[in-house]
Amino acid sequence: MMENIFDDNQKKTPFEVPEGYFENFEERMMARIKEDEEQKEERQQIVLNSQKRRKSSWIIGAAATVAVIVIGAYAFVNIQNDITNQAARIAEVATEDDYYDQVNEMLESEEIEEALAQINFEE
Amino acid sequence: MKEENEIEKLVPVLKDAATRDRAFGKLMQLTKHSLYWHIRKIVLVHDDADDVLQNTYIKVWKSIENFKGDCQLFTWMYRIATNEALTFLAQQRMRSVNLPLDYEDLMISRMEADPYFDGDAVQKKFQEAIMSLPEKQRMVFNMRYFDEMEYKQIAEITGTSEGALKASYHIAAEKIKKFLTE
């Protein structure tokens, strides 16, 4: 029996398929292919959405950073101006006070009175 | 031959997205039997053959646009089916590493347990003999012995020279004879 296994009439595989396996195989397979494609499209959409989200959050982040920088720069310049103005005013006030102090130091009270009288006189 | 010509005629309609669905249905109709039996003889169990066949058609569907036509469409599909079946076996072998059973014995016991195996003692012994061959030699033996393929076509599918295939088949047949008479 074993010796005849290579004979043509013994060339039979011992395998079977479930009944009707090949019937409608094409329809079943096409349905699976379409299902696979839909899933692929969904996955691509998810990736695309997350990329969009990443992109928009990046834009929002960049805009917020620019806004912070602009506001910060504006506030810095304003504060700097205020400080400069205040310093100038302080310097001015200081100079005026110094002037009167010096005048006070230079003139005796009678001289001041005299000067005031002269002023009045001139008026 | 007539069938192969019909398959070749489908190439332009398969490449056109507008006609692809219908043409692919026709392609499956023409190739499902041969591809299934080619795969089944490699993986032995029906459920595994069904999985591998479906994966093969999915691969064909995805790559049909890139089919260059440097060989016949049917040969190209056979090549994909062969690769899919061998990849499946390699994965199965990896999974069985920790089992206290030789891989070949595992394959035989799975085949026997398959409700779609209907062989007698001689056929079972014959399958065991085929299983004892290295994977590629087994595949060549199946294609030549059961499918009666020309060496030229087997050479195109496996990428091996005709001379090497003839030698491989001869060695495989000798090994099987020896196995059966032991």
Side-chain angles (χ1 to χ4, degrees), chain A residues 1-70, chain B residues 20-22 24-33 35-37 39-41 43-47 49-50 53-62 111-112 114-127 129-130 141-142 144-148 173-174 176-182:
Chain A
M1 193 69 176
M2 290 289 183
E3 297 79 50
N4 300 332
I5 199 89
F6 280 93
D7 289 352
D8 273 359
N9 56 1
Q10 293 289 325
K11 277 188 188 178
K12 184 179 159 283
T13 60
F15 305 119
E16 290 178 342
V17 289
E19 210 180 317
Y21 172 69
F22 288 114
E23 283 168 29
N24 306 322
F25 177 85
E26 297 85 334
E27 286 79 4
R28 277 187 282 130
M29 198 60 228
M30 276 317 281
R32 192 186 152 185
I33 287 171
K34 294 293 164 193
E35 197 183 307
D36 267 26
E37 285 196 331
E38 274 167 25
Q39 280 174 358
K40 194 184 162 192
E41 270 173 33
E42 273 172 29
R43 280 198 299 272
Q44 279 174 339
Q45 197 57 47
I46 290 168
V47 171
L48 213 65
N49 286 345
S50 78
Q51 277 174 347
K52 269 186 195 169
R53 264 201 303 276
R54 266 207 298 274
K55 202 175 171 186
S56 57
S57 57
W58 185 86
I59 291 169
I60 291 167
T65 311
V66 170
V68 166
I69 291 169
V70 169
Chain B
R20 191 173 301 146
D21 279 22
R22 215 172 145 189
F24 201 75
K26 180 75 183 162
L27 181 71
M28 286 193 282
Q29 196 188 323
L30 291 167
T31 55
K32 63 185 175 186
H33 287 94
L35 288 184
Y36 173 84
W37 288 114
I39 293 166
R40 178 75 185 270
K41 276 175 239 140
V43 301
L44 305 181
V45 175
H46 167 73
D47 285 346
D50 182 40
L53 181 65
Q54 290 192 31
N55 291 341
T56 300
Y57 278 122
I58 286 175
K59 275 248 164 88
V60 171
W61 173 266
K62 283 179 181 167
M111 180 189 77
E112 281 182 285
D114 185 7
Y116 304 106
F117 172 76
D118 187 32
D120 55 23
V122 177
Q123 283 171 323
K124 191 188 152 242
K125 183 87 176 159
F126 190 40
Q127 284 302 318
I130 297 171
F141 180 81
N142 280 334
R144 180 68 189 155
Y145 177 76
F146 289 110
D147 305 339
E148 297 179 347
E174 287 304 312
I176 289 171
K177 274 180 198 165
K178 198 176 164 206
F179 188 96
L180 294 175
T181 49
E182 263 171 9

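Quick caveat, the model's predicted, so the values are computed rather than measured. Here is the naming used below: chain letters follow the sequence lines, and residue numbers restart at 1 for every chain.
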Please lay out, stage by stage, how A/Val17 and B/Arg40 fare under the test side-chain contact (heavy atoms from CB on, under 4.5 Å).
-> CA-CA 10 Å; A/Val17 289; B/Arg40 178 75 185 270; 4.3 Å; yes

Kindly compute the distance separating CZ (A/Phe15) from NZ (B/Lys41), expressed to the nearest 0.5 Å.
-> 9.0 Å

Distance in Å, A/Asp36 CG paired with B/Gln54 CD, rounded so as to fall on 0.5 Å steps | 9.5 Å

I would like to know whether A/Met29 and B/Trp61 meet side-chain contact (heavy atoms from CB on, under 4.5 Å); could you show each step before the answer?
-> CA-CA 11 Å; A/Met29 198 60 228; B/Trp61 173 266; over 6 Å; no

Say whether, by atom type as modelled, one donor and one acceptor occur between the side chain of B/Lys32 and the main chain of A/Glu26 under 3.5 angstrom.
-> no

Should the heavy atoms of other residues, nucleotides or ligands under 6.0 Å from CZ of B/Arg22 be counted, would the total exceed 12?
-> no

So what's closer than 4.5 Å to chain B heavy atoms on A/Glu37: side chain, backbone, both or neither?
-> side chain

Contact class of B/Phe117 relative to chain A, heavy atoms under 4.5 angstrom = both

Decide if the gap between the ring center of A/Phe25 and the ring center of B/Tyr57 is smaller than 6.0 angstrom.
-> yes

Please look at B/Leu44 and chain A and tell me whether the side chain, the backbone, both or neither of the residue comes under 4.5 angstrom of a heavy atom of that chain.
-> both

Heavy atoms from other residues, nucleotides or ligands near CD of A/Gln51 exceed 12 (cutoff 6.0 Å) = yes

Rounded distance [0.5 Å steps], CD in B/Gln127 versus OG1 in A/Thr13 = 7.5 Å

Aromatic ring centroids of B/Tyr36 and A/Phe22 under 6.0 Å?
-> yes

Checking B/Asp114 against chain A: side chain, backbone, both or neither under 4.5 Å from a heavy atom?
-> neither

In terms of heavy-atom contacts, does NZ of A/Lys40 have more than 12 from other residues, nucleotides or ligands at under 6.0 Å?
-> no

Residue A/Glu19 excluded, over 12 heavy atoms near CD under 6.0 Å | no

Write down the atom of B/Gly119, the atom of A/Pro14, and the distance for their closest heavy-atom approach.
-> CA-CB, 3.4 Å

